[in-house]
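Reading through the structure tokens given below for one structure.
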Number of protein chains: 2
Amino acid sequence: MSLILKAHIEKLLGMELPFYDTIEKYFVPAALRKKENLLTEGKICKANYFVVAGCLRMFFVNEKGVEQTTQFGLEHWWLADYSSFSLQRPSEFFIQAVEPSQVLCLSHSAQEELLLEYPRLERYFRLVHQRAHAASQFRIKVLYGNSREELYHGFVRLYPDFVQRVPQYLLASYLGITPEYLSELRARRLS
Amino acid sequence: MSLILKAHIEKLLGMELPFYDTIEKYFVPAALRKKENLLTEGKICKANYFVVAGCLRMFFVNEKGVEQTTQFGLEHWWLADYSSFSLQRPSEFFIQAVEPSQVLCLSHSAQEELLLEYPRLERYFRLVHQRAHAASQFRIKVLYGNSREELYHGFVRLYPDFVQRVPQYLLASYLGITPEYLSELRARRLS
DNA sequence: CGGTCTCTTGACGGAGTTCAAAGCTAGTGG
DNA sequence: CCACTAGCTTTGAACTCCGTCAAGAGACCG
């Protein structure tokens with residue numbers, strides 16, 4: 001089915017994965033249309049999602065009713081609300097497809113069974129979370145160390161193609177600024 | 001020596017750890033004085049640090065020369081710059097003792113050996129990073145969803161005793177505000 | 001085409017910063 | 001045990017980044 005996950009596991013573990021065929025059954029593929037939700041606020045995050053193709057985002061709705069995007073998930077990334085997923089408690093987040101996407105869903109119980117049966121994969125998920133943790137540390141540094149304007153220019157410099165790929169209001173939402181201000185920043189740069 | 005780590009591993013793994021005595025040699029204890037550095041910008045983060053007692057903080061120095069605290073590490077927490085630690089590359093952070101502290105140092109090579117010899121501990125570190133990842137997701141949500149003033153009051157509500165424990169300029173640095181503004185917020189609340 | 005969703009523009013206001021200076025606290029050495 | 005100093009906290013005035021509101025111009029889809 002999807003060799004992308006196999007390749008990802010092999011890359012992180014640094015070895016061939018001969019038993020991939022036998023673990024494939026734990027991952028349920030799903031195709032998502034644009035704006036389709038994988039998780040809704042108040043529901044339990046039932047699965048850990050691996051992005052095969054497309055783009056997901058995680059967001060919450062603040063008290064003014066505005067959506068704040070906290071994370072994007074592109075190819076090769078695992079995405080879930082890990083507080084909700086780990087404890088199987090209601091989530092405060094949404095997870096939604098930004099564009100038509102394909103994911104592999106690893107439900108909470110499937111993950112537990114998988115790891116019991118193939119303890120070697122603990123190492124894989126340890127590395128996945130360790131990387132995500134490192135990425136969060138970097139993210140928080142960037143958030144603290146820069147003005148909103150610098151955040152925008154930094155993001156454009158780092159991910160120029162991604163900026164083309166998503167609508168601007170989503171980018172604004174991710175950067176924690178209003179679409180109006182983002183528009184102003186763009187205009188300023190043209191002069 | 002320190003049964004705190006043993007207890008923590010047992011808690012996360014949900015089982016007794018009969019072989020703790022034999023793995024203890026991988027962890028090097030260290031006592032730190034106030035303001036002593038475990039990691040300095042430009043150096044490689046050589047170890048993963050488990051806080052046995054006291055309090056650490058991670059910070060960086062922004063382009064204006066101001067220290068920005070991104071993380072505190074209290075008892076039971078593991079702390080490291082995981083980008084630097086994983087890849088053994090120079091770090092952009094400092095790690096420093098806020099008060100006299102005791103830590104266990106697990107060097108990069110020691111961790112690799114430890115995990116090779118006791119693969120069961122992969123699960124432990126997977127859970128540690130998964131929790132940290134969940135905490136980062138929550139942290140980013142709080143950072144995006146609240147004004148600086150709300151951040152302060154939220155923090156005081158959540159960790160009233162910790163607020164007493166650290167100087168205010170560190171708290172300001174962690175909340176991403178100036179000490180002057182923090183002072184104003186405190187004064188406002190007294191009236 | 002018609003309507004809804006997205007992007008732009010501009011005026012105004014406020015949360016939070018910067019700078020400067022003075023008061024306070026705590027650690028240190030004599 | 002006191003005195004001195006360096007570092008921490010407070011106060012206030014000027015300033016700025018960025019949000020809010022309102023209105024219009026495109027753009028995309030049925």
Side-chain angles (χ1 to χ4, degrees), chain A residues 33-37 55 57 59-69 72 94 96-100 142-156 162-191, chain B residues 32-37 55 57 59 61-69 72 94 96-100 142-156 162-191:
Chain A
R33 332 173 159 234
K34 196 171 169 174
K35 303 232 171 188
E36 199 172 338
N37 282 338
C55 176
R57 72 181 180 119
F59 67 94
F60 67 96
V61 176
N62 69 19
E63 68 273 4
K64 290 175 197 147
V66 177
E67 296 181 359
Q68 300 265 161
T69 301
F72 287 108
F94 296 77
Q96 190 180 75
V98 172
E99 33 183 80
V142 170
L143 282 176
Y144 272 42
N146 300 90
S147 69
R148 302 306 168 104
E149 179 168 8
E150 290 164 335
L151 281 184
Y152 168 67
H153 291 124
F155 191 85
V156 171
F162 185 72
V163 171
Q164 306 298 90
R165 193 165 155 189
V166 297
Q168 304 202 5
Y169 70 97
L170 278 190
L171 188 53
S173 160
Y174 178 76
L175 295 172
I177 64 182
T178 57
E180 292 93 328
Y181 187 53
L182 178 56
S183 182
E184 188 186 326
L185 290 178
R186 282 165 51 83
R188 217 185 276 175
R189 185 44 70 101
L190 297 182
S191 54
Chain B
L32 304 172
R33 331 173 159 234
K34 196 170 170 175
K35 304 231 171 188
E36 200 172 337
N37 281 339
C55 177
R57 71 179 180 119
F59 67 94
V61 176
N62 68 20
E63 69 273 4
K64 290 175 196 146
V66 177
E67 297 181 359
Q68 301 265 161
T69 301
F72 286 110
F94 296 78
Q96 189 179 74
V98 172
E99 34 183 80
V142 169
L143 282 177
Y144 272 42
N146 299 92
S147 69
R148 302 306 170 100
E149 178 168 8
E150 290 164 335
L151 281 184
Y152 168 67
H153 291 125
F155 191 85
V156 171
F162 184 72
V163 171
Q164 305 299 88
R165 195 167 155 189
V166 297
Q168 302 201 7
Y169 72 97
L170 278 190
L171 189 53
S173 160
Y174 178 74
L175 295 172
I177 63 183
T178 58
E180 292 93 330
Y181 187 53
L182 178 56
S183 182
E184 187 187 325
L185 289 177
R186 282 164 51 81
R188 216 185 278 175
R189 186 42 73 99
L190 296 182
S191 53

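Lettering follows sequence order; numbering is per chain, from 1.
Listed nucleotides: D:dC17, C:dT9, C:dT17. Nearest to the side chain of A:S183: C:dT9. Distance from the side chain of A:P167 is smallest for C:dC7 among the nucleotides C:dC7, D:dT9, C:dT8. Looking at the side chain of A:Y181, the nearest of the listed nucleotides C:dA15, D:dC17, D:dT9 is D:dC17.
Summarising the geometry, the separation between CD on B:E184 and C1' on D:dA13 is reported as 12 Å, rounded to the nearest angstrom. Atom OH of A:Y144 is separated from atom P of C:dT17 by 12 Å (rounded to the nearest Å). Here D:dT11 presents its C1' atom at 14 Å from CD of B:Q168, a figure rounded to the nearest Å. A straight line from CG of A:L175 to P of D:dC18 spans 11 Å, rounded to a whole angstrom. At whole-Å resolution of the value, CD in A:E149 and P in D:dC18 are 7 Å apart. In this structure, A:I177 places its CD1 atom 12 Å from P of C:dC7, rounding to the nearest Å. Rounding to whole angstrom units, OH of residue B:Y152 and C1' of C:dG16 are separated by 16 Å. In this entry the distance linking CG of A:L171 with P of C:dT8 reads 11 Å, nearest Å.
Between B:E99 and the choices B:K34, B:K35, B:R165, B:R33, the side chain to side chain donor-acceptor pair (under 3.5 Å) rule is met once, by B:R165. With respect to B:F59, the ring pair (Phe, Tyr, Trp, His ring centres under 6.0 Å) criterion is satisfied by exactly one of B:Y169, B:F72, B:F94: B:F94. When each of B:N146, B:V142, B:L171 is tested with B:F155 by the rule side chain to side chain contact (heavy atoms under 4.5 Å, CB included), just one qualifies, namely B:L171.
With hydrogens and angles disregarded, a donor-acceptor distance shorter than 3.5 Å links the side chain of A:Y144 to the backbone of B:Y174. Judged by distance alone, with hydrogens and angles left aside, the side-chain atoms of A:T69 form no donor-acceptor pair with the main-chain N or O of A:S173 at under 3.5 Å.
Residue B:R186 has no polar side-chain atom (N or O) positioned under 4.0 Å from OP1 or OP2 of D:dT9. Side-chain N/O atoms of A:T178 include one lying less than 4.0 angstrom from OP1 or OP2 on D:dG19. Phosphate contact (OP1/OP2 of D:dT20, side-chain N/O of A:K64, threshold under 4.0 Å): present. Regarding contacts with the backbone of D:dC8, a side-chain N or O of B:Y169 is found under 4.0 angstrom from either OP1 or OP2.
Checking B:L182 against A:P179, the closest nucleotide of DNA chain C that is more toward the 5' end is the one next to A:P179. Between A:N146 and A:E180, the one whose closest nucleotide on DNA chain D sits nearer the 5' end is A:N146.
Here A:K34 lies out of heavy-atom contact (under 4.0 Å) with every strand.
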